[in-house]
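Comments concern the structure below.
Because only heavy atoms are used, hydrogens play no part in the values below, and waters and symmetry mates are left out as well, while side chains stay in. Keep in mind that this is a model prediction, so the values were computed, not measured. Every chain is numbered from 1, with letters handed out A, B, ... down the list of sequences.
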Amino acid sequence: MLDTRPQTDEIWRWLAEVEDPEIPVISVVDLGIVRQVDWQGDTLVVAVTPTYSGCPAVSVINFEIEKHLRAKGIEDLRIERRLSPPWTTEWLSDAGREKLKAYGIAPPIPDTGTPDRKAQRAARLAGRSALDVECPRCGSRETERVSQFGSTPCKASWRCRDCLEPFDYFKCI
Amino acid sequence: MPSLPDMNTPNVEELAARAAKGQSHDPHLENVELKPAFFDWLCRMGDSTLILGHRVSEWCGKAPALEEDIALANTALDLIGHTQMWLGLAAEVEDAGRDADRLAYLRDAMKFRNLLIVELPKGDMAQTVMRQFLFDAWHHAMLTRLLSSTSPRVAEIAAKALKEVTYHLERSSDLVIRLGDGTEESNRRMRHALDILWPYTGEMFMTDSVDEAVAAEGIAPRADELRTEWVETVREVLDEATLDLPKAKADAQKGGKSGRHTEHLGFLLAEMQFLQRAYPGAEW
């Protein structure tokens, strides 16, 4: 039990210590899924948005957030599901992008999720991807997409033509 | 080159401001007269995504290629995520103490409101891919229209789901083209799949009193308003896939939207609902 109610800045710092269960090198704050932290009376309300609507990690994430904040002494706490506006990879922090890359996951390339789809499709039918994704292992740009779906809903499967390693690309939405 | 509709990005700032003030208020939830039709319409959306999600998940662990196995499992997961949102809202509208899980696991076949096309057995990969494409083309057109629904709750579900469905449509279009314009064998199977599925496609565009009631409130478009866009997408992709648009009647098979199903749904539910029926209230 805490004597004084912590400021929301302090809470944000605590939340930055909660890891994403699927990609443990980045925090839920890096991922951009914590949308709001507010005191409503004596209750701390944390609004969390899902990355993908069927993401099975959602309940684990909520549990981890609650566990961590309780360990910090917060007793009166509510986690709200926030659907709108829908999550976008634009909300990934710069620090988060760097950590993803160091972990072996190519970070999303901004602004490629929406407008360029026709061009991408044309390029793929012609045998290559219009996206220029850098291999997180060797840095080569000679890479190709294997599948737009990967080991978790938020990732696509890619491979490097130079070092021949497969890797995950965090796809734009 | 077939062109697919671009994803519509909702106005993020406006949505964020609205969300920060608390749950988006939806006046339609208090409209008592509208309740039965609104509930039914939400079940049509949620049941179609649930049953298709289940059918697609049947490939998990046995798809012909690892990448396809993963893609199918991801697609199923998205669809089941959409179901939680649609049936969750349906339960709120009904306001009778049920939740999304109860609606999914404890209703009998006649209470389901899904399109017949999604309950047909998964068949071979050609049938799975072709069904996914025919459904995705409808789903994408519907969700795009729902972004401007007068119901803020419906609009926010659509905005979330559309991002994922755009990927679904891109993948299924791509596979229809590759398999249609592939080998003699893949082309034959794709033609066969199209012949089987075509008579079920007309149901997507049949407008009844439920559709009319929600359309009158501006919640959703009338079902028949989506046909032109759907035909355009389907024609473009089939052309590229060297497949002909079937000449058979598209509306020979219908009834799912009002609870008259094929014999396949009962078998599917027997498997899907088994655990909750045998061990009521069981949790992970």
* Just how far is it from atom CD of A/Gln148 to atom CD of B/Glu170, taken to the nearest 0.5 Å? ->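 If I round to the nearest 0.5 Å, the distance is 5.0 Å.
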
* To do: In sequence, state the C-alpha distance, the side-chain angles, and the governing distance for A/Arg81 and B/Met85, and then conclude on side-chain contact (heavy atoms from CB on, under 4.5 Å).
  => CA-CA 11 Å; A/Arg81 181 181 164 93; B/Met85 300 192 283; 3.9 Å; yes

* Asked: Does any heavy atom of chain B fall under 4.5 Å from the side chain of A/Ser59, the backbone, both, or neither of them?
  ->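 Contact with chain B: none, neither part.
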
* With a 4.5 angstrom heavy-atom cut-off, which part of A/Ser53 approaches chain B: side chain, backbone, both or neither? ->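 Its backbone and side chain both get close to chain B.
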
* Asked: With respect to chain B, which residue among A/Ser151, A/Pro153, A/Ala156 yields the maximal number of heavy-atom pairs within a distance under 4.5 Å?
  ->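 Among the listed options, the one with the most contacts to chain B is A/Pro153.
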
* Of the listed residues (A/Val58, A/Val45, A/Leu83), which shares the most heavy-atom pairs with chain B below a 4.5 Å separation? ->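 With the most close heavy-atom pairs to chain B, the winner is A/Leu83.
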
* Select, from B/Ile157, B/Leu72, B/Asn74, the one with the greatest count of heavy-atom pairs under 4.5 Å involving chain A. =>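 Option with the top pair count is B/Asn74.
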
Note, [X] side chain near [Y] side chain (heavy atom, < 4.5 Å):
X        : Y        : result
B/Lys160 : A/Pro50  : yes
A/Tyr52  : B/Leu77  : no
B/Lys163 : A/Trp87  : no
B/Glu68  : A/Phe149 : no

* **For A/Ser147 against B/Ala71, the heavy-atom pair lying closest together** =>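 In terms of heavy atoms, the two residues are closest at OG-CB, 4.5 Å.
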
* Identify, with sequence neighbours excluded, every residue that meets ring pair (Phe, Tyr, Trp, His ring centres under 6.0 Å) alongside B/His82. =>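 By the ring pair (Phe, Tyr, Trp, His ring centres under 6.0 Å) rule, B/His82 matches B/His139.
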
* Please identify each residue that fulfils ring pair (Phe, Tyr, Trp, His ring centres under 6.0 Å) with B/Trp230, with sequence neighbours left out. =>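 Partners of B/Trp230 under the ring pair (Phe, Tyr, Trp, His ring centres under 6.0 Å) test: B/Trp198, B/Phe205.
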
* **Interface moiety of B/Glu67 toward chain A, non-hydrogen atoms closer than 4.5 Å** =>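 Both parts, backbone and side chain.
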
* Asked: Would one find more than 12 heavy atoms of other residues, nucleotides or ligands at under 6.0 Å from atom NZ of A/Lys101?
  ->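 Counting neighbours around NZ of A/Lys101, 12 or fewer heavy atoms of other residues, nucleotides or ligands fall under 6.0 Å, so no.
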
